[in-house]
Trainee: 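Below you'll find the structure I mean.
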Amino acid sequence: MSYPFYEIENKWRKYWEDNKVYKTDLSDDERKLYCLVMFIYPSGAKLHCGHWYNYGPTDSWARYKKLKGFNVFEPMGYDAFGLPAENYAIKTGVHPYDSTMTNIADIRNQLKNMGCMYDWSTEMMTCVPEYYKWNQWLFLQLYKKGLAYRKNAPVNWCPKDQTVLANEQVSSDGTCERCGTVVIKKNMTQWFFKITEYAEELLSGLETINWPEETKVKQTNWIGKSIGAEVTFKLENSNKEIKVFTTRPDTLFGVTYVVLAPENEIVLDITTPEYRDGVVKYMDSVKSLSEIDRTSTVKEKTGVPTGAFAVNPVNGEKVPVWIADYVLATYGTGSVMAVPGHDERDFLFAKKFNLPIRKVILKPGTQESDELTEAFTEVGTMVNSAKYNGTNSADALEKIIKDLEVEGKGTHKINYKLRDWLISRQRYWGTPIPIIHCPKCGEVLVEESQLPVELPYDVEFSLKGESPLAKNEKFINVKCPNCGTDAKRDPDTMDTFVDSSWYYFRYLNPKISDAPFDKALTDKWVPVDMYVGGREHATMHLLYARFIHKFFRDLGLTKSDEPFKTLIHQGTITNQGAKMSKSKGNVVNPDTFIQDVGTDVFRLFLMFMGPYEMGGDWSDKGISGTERFVLRNYELFKKYENILKNTSNKEKFNIDELSEAEKSVYKKINQTIKKFDEEINQFKFNTAIASLMELNNELSKNFEVCSDELKAYTLKRLVVLLGPVAPHLAEECNKIIGNDKTLFENPVWYAQDDAALIENSVKVAVQVNGKLRDTIDCPINSTQEEVKALVFANERVTKHTEGKTIVKEIYVKNKIYNIVVK
RNA sequence: GCCGGAGUGGCGGAAUUGGUAGACGCGCUGGACUCAAAAUCCAGUCUGGCUCACACCAGGUGCCGGUUCGAGUCCGGCCUUCGGUACCA
């Protein structure tokens with residue numbers, strides 16, 4: 001016999017669709033469960049195995065919850081703006097709108113064939129004015145609260161193409177991916193969202209959500225809170241000053257120079273004429289370096305002096321001012337005080353350029369006269385630090401900050417590595433920024449009533465020069481809404497992470513036209529209960545979404561503090577060790593497998609592959625295992641066609657009245673229910689399925705001789721367990737055994753009979769010196785004395801203890817008995 | 001570089017979170033069924049030693065060291081590899 005998956009799967013998919021089984025009744029939030037997968041980027045590579053791996057198992061979890069009685073909402077949509085569609089347009093001339101729509105149509109088709117419980121009535125895409133209008137609205141709200149602003153920021157610039165490049169378009173050697181020209185950093189005025197305003201809350205909020213620890217740690221490190229002081233160094237012979245941020249004000253007496261980031265705005269102002277050439281040359285050389293290169297701790301340090309001198313506020317000492325690339329303009333104040341004696345990078349820099357190294361904190365157990373061979377960065381006793389000498393450096397740290405504050409030379413300060421969110425892109429395929437630049441009035445907001453600022457279709461795509469919107473006369477030229485003067489629209493579009501930072505609100509009613517989302521519904525359904533997506537989003541998308549959620553809360557649009565209560569990361573499916581991507585040409589298309597073995601088998605295979613959060617390298621080896629699993633189950637149910645109709649219903653059995661074989665089956669089905677429930681609830685699909693396979697093995701041994709009542713009992717339960725992981729098969733088997741009610745329209749879950757799980761004996765492992773010598777069957781909960789009697793009657797054990805002194809005996813109830821001998 | 005993961009048989013992986021390492025599946029080997037093959041079913045399968053065999057013994061979770069009666073699991077130091085690193089999403 002073979003398994004007619006094609007007919008079965010099509011039949012049930014059609015049935016579910018025709019009967020609107022997937023449609024969620026959003027008015028019923030009594031047992032609501034919002035289960036969301038990160039929406040899909042509609043690339044030309046279509047749906048690949050990685051997507052299937054993300055969506056299939058998550059849908060199985062959602063189906064499990066549905067069977068358990070939850071009202072589950074599973075939406076699907078398209079993250080449709082973005083760079084690749086625009087690059088494709090430049091390359092082929094196909095308009096991003098057209099290619100995106102084509103891709104969406106294909107992907108929608110593939111998604112529908114997966115047989116997931118998506119509520120297609122709420123399908124959504126971000127590249128239409130109905131959606132992106134609300135990105136613009138969001139922009140205006142942020143602007144009005146002072147959380148959207150413009151400032152200069154460096155971008156990757158290709159001098160040949162005269163265009164901005166994404167990091168992805170810069171090759172690893174720092175050249176333009178298209179033309180090979182060395183890419184430089186160029187400052188441009190850019191829009192930012194002030195995520196830093198929420199830094200503290202983004203940090204503390206992590207404690208309130210059920211997210212993977214690794215992700216919380218990543219976000220914590222990304223936000224990078226550090227506590228210290230901002231200290232002012234006055235410049236000699238100048239009214240200018242340099243503010244530095246330091247986490248170690250206790251080392252202030254050890255400052256022997258000050259370093260500015262090469263991009264720091266005051267660099268050229270303070271550089272003395274004789275150093276000017278060197279400084280300009282150095283600034284230029286830094287332009288082509290990435291931040292990763294610059295901050296590398298293994299890279300040889302570089303830098304040049306400016307000729308200027310700063311005055312150390314604590315001791316009045318004159319120290320030289322340098323510039324060096326290891327100082328970043330984007331962190332802190334863009335300048336650091338250098339303490340080579342107590343900072344590793346400063347130590348290396350000072351050694352290289354022969355700058356003085358001074359010891360101001362004494363390492364415990366060393367002498368003041370000992371030479372420093374490396375930076376000492378821990379706590380010790382203060383030396384060479386005037387009135388602080390002899391005190392503990394941790395105490396001195398606090399004291400020095402207080403003293404600086406009193407003298408007006410510095411302040412207590414908390415710094416974050418987190419930077420404001422740069423949202424403007426010099427590109428076409430995104431949300432236009434709703435700002436008009438007027439020569440008289442400056443930045444003017446587009447009125448809310450005038451939204452959306454529509455993205456014009458008719459634009460020219462070219463590799464070189466300004467972005468398509470900047471070149472589009474009809475779009476860019478506009479009258480100032482304030483004064484009527486000729487003005488220009490902002491030519492930039494928004495980062496697509498803006499789209500994805502609030503989409504989960506809109507899913508509940510994507511057609512609403514007078515608000516970004518339907519507050520009556522979102523008040524009931526948001527936050528999302530389960531959010532599933534890749535860990536590559538740990539620090540960007542997942543942080544931006546939390547930020548915007550908190551902003552909406554502050555506008556009074558939601559009551560919750562966090563968008564995603566529980567988060568799970570699916571692992572990455574790689575192919576030959578590399579992430580699947582169209583550009584690498586290693587994308588595995590699932591469609592051929594679906595044609596060969598059906599979606600249930602494919603879904604089972606993906607889930608059975610390994611731990612969901614781990615992923616793995618793609619291989620279809622072993623798919624026959626899940627094929628056999630499906631076939632075995634199908635044949636089993638076929639064998640007992642209509643058994644529910646012909647057998648009286650029994651919900652519980654007295655285990656003492658069963659035969660040995662029946663007892664074994666009854667125990668196993670109940671153990672399986674428990675195990676499967678626990679495992680699938682935690683997204684442990686591989687072990688959940690393994691438990692079903694164990695049940696199969698048991699049934700192939702002992703099922704035949706069971707009573708019809710027990711057979712009916714078992715099959716009725718097995719079909720429900722199959723429901724989440726092989727939904728089409730389960731629906732079919734449910735019908736075969738004679739149930740008139742469909743599974744997913746009439747969700748049901750059977751709890752295990754706990755009486756069947758009670759064991760009265762247990763195998764205790766017996767070890768001698770930690771080595772297993774035998775296992776002994778003992779009555780459950782035996783005392784040490786009871787077990788000891790059995791242990792020392794056991795030849796395999798005594799063989800290893802004879803003639804030796806027993807030093808110790810350890811007994812762990814129902815588990816292990818270890819004898820230590822000498 | 002920095003931040004966060006991962007490393008267990010021929011392969012994918014399991015292990016109640018410090019307590020019998022290798023569940024479940026693939027593959028392979030042998031057997032049953034068949035004229036034969038496929039499919040299916042049954043049995044075996046970490047490595048080495050010694051045995052006709054059962055048994056028994058030793059070793060074994062990337063590497064080195066430590067804690068413990070006991071370590072895949074905890075601690076210290078490495079190696080390899082993957083993801084992110086703020087304009088791919």
Side-chain angles (χ1 to χ4, degrees), chain A residues 1-2 38-41 43 79 81-84 87 155-156 164-170 190 212-215 217-218 220-222 224 290-299 326 330 417-427 495-497 499-500 534-541 543-544 569 571-572 574 577-579 581 583 605 608-611 613-617 619 621-626 628-629 631-632 635 678 686-687 689-694 696-697 700 763-775 796 799 807-810 812 815-820:
Chain A
M1 207 194 311
S2 69
M38 290 182 185
F39 60 178
I40 185 164
Y41 178 74
S43 87
D79 187 12
F81 273 138
L83 179 68
N87 286 340
V155 291
N156 299 313
V164 177
L165 298 177
N167 290 341
E168 202 191 41
Q169 297 171 295
V170 182
Q190 311 255 33
E213 209 46 47
E214 51 162 305
T215 310
V217 171
K218 273 189 240 177
T220 303
N221 293 338
W222 184 264
S290 77
E291 217 161 271
I292 292 170
D293 294 332
R294 285 176 57 164
T295 52
S296 167
T297 50
V298 292
K299 188 193 116 205
Y326 75 91
T330 46
K417 283 210 186 78
L418 182 68
R419 314 207 282 250
D420 278 337
W421 176 12
L422 196 169
I423 61 112
S424 41
R425 301 287 181 269
Q426 291 69 51
R427 301 182 201 290
D495 180 3
T496 56
F497 278 127
D499 313 358
S500 54
R535 29 171 84 59
E536 66 271 21
H537 292 292
T539 48
M540 302 185 71
H541 161 59
L543 203 58
Y544 297 146
H569 296 303
T572 320
T574 54
K579 207 175 155 183
S581 76
S583 56
F605 175 64
F608 188 61
M609 252 172 75
E613 292 174 68
M614 220 72 94
D617 206 41
S619 159
K621 245 170 113 177
I623 200 162
S624 51
T626 44
R628 278 177 205 150
F629 172 76
L631 180 65
R632 259 176 227 173
E635 287 180 345
E678 285 169 359
N686 54 335
T687 46
I689 292 166
S691 75
L692 296 183
M693 288 173 168
E694 282 188 55
N696 272 185
N697 292 340
S700 71
K763 274 197 167 104
V764 171
V766 185
Q767 301 181 332
V768 178
N769 285 349
K771 273 184 189 159
L772 181 72
R773 293 307 171 187
D774 205 358
T775 58
R796 295 191 193 191
K799 198 169 122 186
V807 182
K808 203 172 176 183
E809 285 166 64
I810 294 115
V812 181
K815 272 189 181 149
I816 206 155
Y817 199 105
N818 190 13
I819 306 162
V820 185

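In what follows, every chain begins at residue 1, and chains take the letters A, B, ... in the order their sequences are listed.
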Trainee: Mark yes or no for whether A/R535, through its side chain, and A/E613, through its backbone, hold a donor-acceptor pair below 3.5 Å.
Mentor: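 Such a contact is found between A/R535 side chain and A/E613 backbone.
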
Trainee: Does A/K799 have any side chain to side chain contact (heavy atoms under 4.5 Å, CB included) partners at least two apart in sequence or in another chain, and if so, which?
Mentor: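 Residues passing side chain to side chain contact (heavy atoms under 4.5 Å, CB included) with A/K799: none at all.
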
Trainee: State which residues pass side chain to side chain donor-acceptor pair (under 3.5 Å) with A/T295; sequence neighbours excluded, sorted by chain then number.
Mentor: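 A/T295: no side chain to side chain donor-acceptor pair (under 3.5 Å) contacts found.
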
Trainee: Can you list everything that forms a side chain to side chain donor-acceptor pair (under 3.5 Å) with A/D293? Sequence neighbours excluded, please.
Mentor: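 Applying side chain to side chain donor-acceptor pair (under 3.5 Å) to A/D293 gives A/S290.
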
Trainee: How far, in whole Å, is B/G9 from B/G27 if one measures between their C1' atoms?
Mentor: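 These two C1' atoms come out 12 Å apart once rounded.
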
Trainee: If anything within 90° of 0 is syn and all else is anti, what is B/C56?
Mentor: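 Anti, angle beyond 90° from zero.
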
Trainee: Please state the C1' separation for the pair B/A21 and B/G65 - nearest whole angstrom.
Mentor: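 It comes out at 23 Å once rounded to the nearest Å.
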
Trainee: Say you pick atom C1' in B/C63 and the same atom in B/C79; how far apart are they, in whole Å?
Mentor: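 It works out to 7 Å between them.
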
Trainee: Only counting residues at least two apart or in another chain, list the ones meeting salt bridge (charged side-chain N to carboxylate O under 4.0 Å, His left out) with A/R294.
Mentor: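 Partners of A/R294 under the salt bridge (charged side-chain N to carboxylate O under 4.0 Å, His left out) test: A/E263.
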
Trainee: Between A/I689 (CD1) and B/G12 (C1'), how many Å, whole number?
Mentor: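 Nearest whole value for this atom pair: 13 Å.
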
Trainee: Taking atom C1' in both B/A6 and B/G12, compute the distance separating them and give it to the nearest angstrom.
Mentor: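 My reading of the C1' atoms in B/A6 and B/G12 gives 15 Å.
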
Trainee: Of all residues at least two apart in sequence or in a different chain, which pass the side chain to side chain contact (heavy atoms under 4.5 Å, CB included) check with A/D420?
Mentor: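 Partners of A/D420 under the side chain to side chain contact (heavy atoms under 4.5 Å, CB included) test: A/Y149, A/F192, A/K194, A/I195, A/T196.
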
Trainee: Holding to side chain to side chain contact (heavy atoms under 4.5 Å, CB included), I want the full list of residues that pass it with A/P212, two or more places apart in sequence or in another chain.
Mentor: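 Partners of A/P212 under the side chain to side chain contact (heavy atoms under 4.5 Å, CB included) test: A/E214, A/T215, A/L567, A/H569.
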
Trainee: By salt bridge (charged side-chain N to carboxylate O under 4.0 Å, His left out), which residues pair with A/R425, not counting sequence neighbours?
Mentor: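 Partners of A/R425 under the salt bridge (charged side-chain N to carboxylate O under 4.0 Å, His left out) test: A/D495.
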
Trainee: Syn or anti for B/G9, please, going by whether the chi angle lies within 90° of 0.
Mentor: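 Judged by the O4'-C1' to base torsion, B/G9 sits in syn, the angle falling within 90° of 0.
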
Trainee: If you check every side-chain atom of A/V812, which of B/G19, B/G25, B/A14 has the closest atom?
Mentor: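 Of B/G19, B/G25, B/A14, B/G19 is nearest to the side chain of A/V812.
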
Trainee: Return yes if the base of B/C3 and the side-chain atoms of A/N221 contain a donor-acceptor N/O pair under 3.5 Å, otherwise no.
Mentor: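 Answer no: no donor N or O sits under 3.5 Å from an acceptor.
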
Trainee: Please report the shortest heavy-atom distance between A/D499 and A/F81, naming the atom on each side.
Mentor: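 A/D499 and A/F81 have their closest heavy atoms at OD2-CD1, 3.4 Å.
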
Trainee: Rounded to whole angstrom, note down the C1' distance from B/G22 over to B/G77.
Mentor: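 Straight-line distance between the two C1' atoms is 29 Å.
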
Trainee: Just to confirm, is there a sub-4.0 Å distance from OP1 or OP2 of B/A14 to any side-chain nitrogen or oxygen of A/N686?
Mentor: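 Yes, A/N686 has a side-chain N/O under 4.0 Å of OP1/OP2 on B/A14.
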
Trainee: Without decimals, in angstroms, what is the distance between A/M614 CE and B/G72 C1'?
Mentor: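 Interatomic distance, CE of A/M614 to C1' of B/G72: 13 Å.
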
Trainee: What pattern of brackets, bars and dots sums up RNA chain B from 5' to 3', given Watson-Crick or G-U wobble pairs under 3.5 Å, [ ] for crossing pairs and | for another strand?
Mentor: (((((((..(((......[....)))((((((.......))))))((((......))))..(((((..]....))))))))))))....

Trainee: Encode nucleotides 41-47 of chain B as B, S and - characters from 5' to 3', where the letter depends on protein heavy atoms closer than 4.0 Å: B to the base, S only to sugar-phosphate, - to neither.
Mentor: SS-----

Trainee: For A/E168, which residues count as a salt bridge (charged side-chain N to carboxylate O under 4.0 Å, His left out) partner, sequence neighbours excluded?
Mentor: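 So A/E168 forms no salt bridge (charged side-chain N to carboxylate O under 4.0 Å, His left out) with any residue.
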
Trainee: Which whole-number value in Å describes the distance from A/E678 CD to B/A14 C1'?
Mentor: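 In whole Å, B/A14 C1' and A/E678 CD are 16 Å from each other.
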
Trainee: Using the C1' atom as the point on both nucleotides, what is the distance between B/U73 and B/G66, in whole Å?
Mentor: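 Each nucleotide's C1' atom is 15 Å from the other's.
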
Trainee: Send over the distance from A/K815 NZ to B/C69 C1', rounded to a whole Å.
Mentor: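 In whole Å, B/C69 C1' and A/K815 NZ are 16 Å from each other.
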
Trainee: For A/D774, enumerate each residue passing the salt bridge (charged side-chain N to carboxylate O under 4.0 Å, His left out) test, keeping only those at least two apart in sequence or located in another chain.
Mentor: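 Applying salt bridge (charged side-chain N to carboxylate O under 4.0 Å, His left out) to A/D774 gives A/R796.
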
Trainee: Could you work out the separation of B/C11 and B/G5 based on their P atoms and round it to a whole Å?
Mentor: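 These two P atoms come out 27 Å apart once rounded.
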
Trainee: Using only side-chain N and O atoms of A/T220, determine if any of them is under 4.0 Å from OP1 or OP2 of B/C3.
Mentor: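 Answer no for this pair, as no side-chain N or O of A/T220 is under 4.0 Å from OP1 or OP2.
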
Trainee: With syn defined as a glycosidic angle within 90° of 0 and anti as everything else, classify B/U17.
Mentor: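 Base orientation: syn.
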
Trainee: In whole angstroms, how far is the P atom of B/A71 from the CD1 atom of A/I810?
Mentor: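 The answer, rounded to whole Å, is 12 Å.
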
Trainee: Counting primed atoms plus P, OP1 and OP2 as sugar-phosphate and everything else as base, spell out the protein contacts along nucleotides 79-89 of chain B at 4.0 Å heavy-atom distance: B, S or - for each nucleotide, 5' to 3'.
Mentor: ---SSSBBBBB

Trainee: Using side-chain heavy atoms (C-beta onward) and a distance below 4.5 Å, is A/Q426 in contact with A/Q190?
Mentor: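 With C-beta onward as the side chain, the pair touches.
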
Trainee: By nearest nucleotide on RNA chain B, pick out whichever of A/G770 and A/K799 is the more 5' one.
Mentor: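 So the residue in question is A/K799.
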
Trainee: When the C1' atoms of B/C74 and B/U17 are compared, how many Å lie between them, rounded to an integer?
Mentor: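 Taking atom C1' in both B/U17 and B/C74, they lie 11 Å apart.
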
Trainee: Quick one: label A/E613 by what it contacts on the DNA or RNA (base, sugar-phosphate, nothing), any heavy atom closer than 4.0 Å.
Mentor: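 The answer is nothing, as A/E613 stays clear of every strand by at least 4.0 Å.
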
Trainee: Using whole Å, what does the distance between atom P of nucleotide B/G4 and atom CG of A/L543 come to?
Mentor: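 After rounding, the reported distance stands at 16 Å.
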
Trainee: Have a look at A/K771 and say if it touches a base, only the backbone sugar-phosphate, or nothing, with a 4.0 Å heavy-atom cut-off.
Mentor: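 The answer is sugar-phosphate, as A/K771 gets under 4.0 Å only of primed atoms, P, OP1 or OP2.
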
Trainee: Between B/A6 atom P and A/E214 atom CD, what is the distance in whole Å?
Mentor: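 Taking atom P of B/A6 as the reference, CD of A/E214 is at 7 Å.
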
Trainee: Rounded to the nearest 0.5 Å, how far does NZ of A/K417 lie from CZ of A/R419?
Mentor: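 Atom-to-atom, A/R419:CZ and A/K417:NZ are 11.0 Å apart.
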
Trainee: Going by the angle between their ring planes, with limits at 30° and 60°, are A/Y544 and A/W421 parallel, tilted or perpendicular?
Mentor: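 Parallel.
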
